[in-house]
Amino acid sequence: MHKDIKNIWLDVATIKKAVRKLALQINKDYKNKNPILIGVLKGCLPFYIELFLQLDCDPIMDFMIASSYLGVKSQNMKIVADLRQNIHKRHVLIIEDIVDTGKTLHNIIKILKLRKPASLKVACLVDKPQSRVIHFQPDYTCFKMDKPEFVVGWGFDYNEKYRNLPYVGILKESVYSKKRGKDEK
C-alpha cells in the first residue's frame, strides 16, 4: 500500500465484480441500440475499459476532457477536448469515474442535450451523494460513498498523482490539507 493512503476502500476484485454486474444491466438496457460511450477523461479510463470490454451491445467509443478541479476544490468546468462522434439521435451513455458535486456532469449534460441525442444517461464507478451542490442522480452506479473522504487510485487522482494505484484508496488528509490553503486562495 502507498505511504499516502490511509486504507484501501476497494480492491480490484471487488471493483471488477461490480463492473461485471453493471455491464450485465447495461447490455440488457442497450440491446440493439449501439450506444456511444462517452468517457470523461482522465479519471474514467480504468472503469471505462473494464466496462467496455464486457459490453456486447456494440458500443462506440468516444471521449471528452472536462476540467473542474484544482487540488480538492471544484472550479468552473471547461471542455478541454470535445467528442468526435455526432450524437444526434443516438443513444449516449456518459462514463464517469465519480459523481461528486454534480457540477461537471450537470454542465456536460447541458451541452450534450443541445446536440439532441435519442437518450442520455450516466454510469459512474463511485457516487458521493453527500457532496452534491447540484441535484443529480446517476442512472448506473457501482459504489456509493457516504463519508466525506478523498479517494485516489484506479483512475482517481489528487493533482494528477495516484491514478495508477491498483485499488481505490482513501488519501490521508495530511497529504491534501497542507495544500488546501493554496488551492482555495
Side-chain angles (χ1 to χ4, degrees), residues 1-30 35 37-57 59 61-74 93-105 108 121-133 136-180 183:
M1 185 166 68
H2 192 282
K3 66 179 178 58
D4 294 341
I5 302 302
K6 183 166 74 172
N7 63 291
I8 295 173
W9 181 49
L10 301 169
D11 62 34
V12 173
T14 302
I15 294 168
K16 287 185 176 201
K17 182 178 178 184
V19 174
R20 256 191 313 278
K21 183 178 175 183
L22 182 66
L24 290 172
Q25 184 62 51
I26 290 171
N27 281 328
K28 181 180 170 189
D29 293 350
Y30 285 89
L37 268 58
I38 298 174
V40 182
L41 297 174
K42 305 175 197 167
C44 79
L45 277 176
F47 174 47
Y48 187 103
I49 295 301
E50 187 68 31
L51 179 63
F52 188 84
L53 293 174
Q54 296 184 46
L55 295 178
D56 61 15
C57 56
M61 273 188 174
D62 209 342
F63 298 92
M64 296 179 86
I65 299 176
S67 178
S68 64
Y69 275 85
L70 176 64
V72 296
K73 187 172 181 193
S74 179
L93 181 59
I94 299 170
I95 309 299
E96 180 66 290
D97 56 350
I98 190 166
V99 179
D100 200 354
T101 65
K103 288 180 184 180
T104 301
L105 276 173
I108 288 173
K121 294 186 176 184
V122 173
C124 69
L125 182 64
V126 175
D127 183 17
K128 288 179 74 175
Q130 84 289 346
S131 299
R132 294 288 196 286
V133 295
F136 182 80
Q137 180 64 43
D139 301 282
Y140 303 97
T141 301
C142 287
F143 302 98
K144 280 196 178 181
M145 176 174 247
D146 296 322
K147 297 177 183 176
E149 298 186 287
F150 199 90
V151 292
V152 294
W154 220 70
F156 299 102
D157 76 302
Y158 171 65
N159 286 341
E160 296 299 325
K161 291 173 63 179
Y162 310 107
R163 287 188 197 277
N164 63 321
L165 296 177
Y167 50 81
V168 176
I170 308 299
L171 188 62
K172 290 178 182 174
E173 190 174 349
S174 60
V175 174
Y176 60 87
S177 64
K178 292 182 276 188
K179 293 186 176 190
R180 183 175 274 175
D183 292 344

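For the numbers below, each heavy atom of this structure counts, side chains included, while hydrogens, waters and symmetry mates do not. These numbers were taken from a predicted model, which means no experiment stands behind them.
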Indicate yes or no: at least one non-hydrogen side-chain atom of [X] is less than 4.5 angstrom from one of [Y].
| X | Y | result |
| --- | --- | --- |
| Trp154 | Leu10 | no |
| Phe136 | Val122 | yes |
| Trp9 | Val126 | yes |
| Val133 | Lys103 | yes |
| Cys142 | Ile15 | no |

Any donor and acceptor pair, going by atom type alone, linking the side chain of [X] with main-chain N or O of [Y] inside 3.5 Å?
| X | Y | result |
| --- | --- | --- |
| Lys128 | Phe150 | no |
| Ser177 | Glu173 | yes |
| Arg132 | Asp100 | yes |
| Asp11 | Tyr167 | no |
| Tyr48 | Leu37 | yes |
| Glu96 | Cys44 | no |
| Asn27 | Gln54 | yes |

Legend entry - Between Tyr158 and Asp4, a side-chain donor and acceptor under 3.5 Å: no
Inset, instruction - For atom NZ of Lys172, decide whether the heavy atoms of other residues, nucleotides or ligands shown that lie under 6.0 angstrom number more than 12. - result: yes
To the nearest 0.5 angstrom, please state how far the [atom1] atom of [X] sits from the [atom2] atom of [Y].
| X | Y | atom1 | atom2 | value |
| --- | --- | --- | --- | --- |
| Phe156 | Lys42 | CZ | NZ | 15.5 Å |
| Met1 | Asn7 | CE | CG | 7.0 Å |
| Ile38 | Phe63 | CD1 | CZ | 10.5 Å |

How close do [X] and [Y] get, heavy atom to heavy atom, and via which atoms?
| X | Y | answer |
| --- | --- | --- |
| Pro138 | Val99 | CG-CG2, 4.1 Å |
| Pro35 | Cys57 | CD-O, 3.3 Å |
| Gly153 | Val168 | O-CG2, 4.0 Å |
| Pro129 | Lys144 | CG-CD, 4.5 Å |
| Phe47 | Leu22 | CZ-CD2, 3.7 Å |

Legend entry - The single option from Leu171, Leu125, Ile98 passing side-chain contact (heavy atoms from CB on, under 4.5 Å) against Val151: Ile98
Inset, instruction - Please determine which of Leu93, Ile95, Asp139 meets the side-chain contact (heavy atoms from CB on, under 4.5 Å) test together with Ile26. - result: Leu93
